[in-house]
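Residue numbers begin at 1 in each chain, while the letters A, B, ... track the order of the sequences. Everything numeric in this text was worked out from a predicted model, so none of it was measured.
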Amino acid sequence: MNFELTEDHIMMRKMVRDFAEAEAAPGTEERDEKEEFPMELWKKCGELGLAGVTFPEEYDGVGADYISYAITVEELSRVDAALGVTISAHSSLCANPIYMFGTEEQKKKYLPPLATGEKMGAFGLTEAMAGSDASGTRTTAVRDGDEYVINGTKLFITNAYYADTYVITAQMDKSKGNRGIAAFILEKGTPGFSFGKKEKKMGIRASATYELVFENVRIPAENLLGQEGQGFKIAMTTLDYGRIGIASQALGIAQGAYEQALKYAKERVQFGKPISELQVIQFKLADMALAIEAARLLVYQAAFIASEHKVPVSKYAAMAKVFAAETANKVATQAVQVLGGYGYTRDYPVERMMRDAKITEIYEGTSEIQRVVIAANILKD
Amino acid sequence: MNIVVTVKQTFDTEAKIVLDGKGSIDGSGVNLVINPYDEFAIEEALKLKEKFGGDVTVVSVGGERVTEAIRTALAMGCDKAVRIDDPALANADEWAVAEILAKAVSKLPCDIILSGRIAVDDGSSQVAVRLADALGVPSVSSILKLDIEGDAATVTREIDGGTELIEVKLPAVFTAQKGLNEPRLPSMKGIMGAKKKEIAVLSLADVGVGAGDVTAKMGVPKFSLPSPRKGGKVIPGEAPDAARELAKLLREEAKVI
């Protein structure tokens, strides 16, 4: 048992934190206000290797472990959760299924530009009738000679419009339910593939969320990811790993909000002394610190398991995700409370952090679905 | 073009300095970083390497913990490193460090030596200049711009109230001032690759210095902290009266107007 981060992890954390504070933090509130996608920051993330942390060097990735990835998303999200999810959705939901389920040709073609950040990735699973229940997938794929023809609409797609490469799911045989679903790699600019409305979100407003619209989109048969009928399994495995990214994002939001509350509590004077000397505030800060440490241990444990491959990651990623997401919400809400009236204004970042935190309990499996996953795992044993 | 960068590990600029009972600095638990001015030197070396090719070697004097600073330099893109570590170095002064560096550097192929203009801890600004002297090469301090052509350098350096343009033949020592460049962050790949790069750990004997040859000429018996700042004074009352009182105090008590 060793709870120490390696020298590399420590250096990575410092690098990502230095980058996030110098380059991201000054514009976070403005991007949130204007719902402005962090395109310039994305490019800089690519140059620093943050777009391909876990992928092997042979595909131009960094070849680092999942703890490095968790630290990356955590540190970005500590100052800008929208930037954090941009990296997370790109890496975990697009590059990773290609890495895990792609043929060698697909990996050689798609992974290097994704890993270097030259291209951005997105993942299209959710639909109007297919949220927590993927069997409601209405997007269809029909084999036609050497091509598949895709029709349908995907909803709430992170990085959409800006992303170049999309992994999407479509139903090929409705009678088979989940087993009729297939996954495909789709490139932006393919005729018939367009973007619908941009969502106006409560939080992570700088992150891009669009509909994907497929109207007789013809893609070459070689773009099938895995086998026909394997799409549901690919999507669920993708989400198992993706949850480590969202758990890290939630952890970063919690850490950021806690630091804001701690700093403010030491400076704000009421009743003749800093409010950090009031026990009621001290207990709030102690509870925040306690929850964050517990969340961090769960997140890094899930990341460790994802790298070691000795046991399935599903249960641990679900535990990390639900706990970190609930921690982010509790901590951000309490941080607003510590800052009082100021915390409720947009002059202080905790207001944004409280809005940003909420999504971590919803996307890549709601907190309720995480408990379903955990329960299914523990009852199976 | 081969470049040597001398690097010192210093306290984080935000570190709180604590003294023990004997007036020595208690460094335990303090976050250590590369001296920020040395980062400018590293960045300049890497830019020259990108332009002209060659190797950048980091040279540092100090114990095991200095490895952290060296690894960061390697992660930024330096090629290899030399760390000189010896029990006899415990009380080394600037002269001794410069003599040791000179011995070590003279064994390396090198056209340019870069360093920070000052270390943010002791702030003596001596080592790089003494190193140039020991090597018998010219040195230019506090540089803001460095252009190399063949074996000649055109350098802009900061002087009080302006700049000075200097031409100098290589090899030479340059010390970096803030403004020379914007140091890069190490990339993820750089960090992963840093541990594969060689850090040669040399003793005084390895660099050809006898322990008795570098006995410090200078000692530091004691450090002391500045006296704590006194609390401010609040002048009560209505603004016109308070302003009058303030003016009076500034003239009679603070004697600033």
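Here the NZ-CD distance, from A:K14 to B:E68, works out to 11.0 Å after rounding to the nearest 0.5 Å. With rounding to the nearest 0.5 Å, the separation of CE in A:M12 from CE in B:M192 is 5.0 Å. Taking CE of A:M11 as the reference point, atom NZ of B:K195 lies at 8.5 Å (rounded to 0.5 Å).
Counting heavy atoms of neighbouring residues, nucleotides and ligands inside a 6.0 Å radius, atom CD of B:E182 does not exceed 12 of them. Within a 6.0 Å radius of CG in B:N91, no more than 12 heavy atoms belonging to other residues, nucleotides or ligands are found. Around the NZ atom of B:K103, the shell of radius 6.0 Å holds no more than 12 heavy atoms that belong to other residues, nucleotides or ligands. More than 12 heavy atoms of other residues, nucleotides or ligands shown are found within 6.0 angstrom of NZ on B:K197. Environment of OH in A:Y342: sparse, with no more than 12 heavy atoms of neighbouring residues, nucleotides or ligands closer than 6.0 Å. Within 6.0 Å of CD on A:E104 lie more than 12 heavy atoms contributed by other residues, nucleotides or ligands. More than 12 non-hydrogen atoms from other residues, nucleotides or ligands lie less than 6.0 angstrom from CZ of B:F11.
Taking a cutoff of 4.0 Å between a charged side-chain nitrogen and a carboxylate oxygen, A:E7 and B:R71 qualify as a salt bridge.
Proximity to chain B among residues 49-64 of chain A is limited to A:G49, A:L50, A:V53, A:E57, A:D60, A:G61, A:V62, A:G63, A:A64, judged by heavy-atom separations below 4.5 angstrom. The contact list for residues 257-268 of chain A toward chain B, using heavy atoms and a distance under 4.5 Å, is empty.
Considering only heavy-atom pairs separated by less than 4.5 Å from chain A, the leading option among B:T72, B:L185, B:I191 is B:I191.
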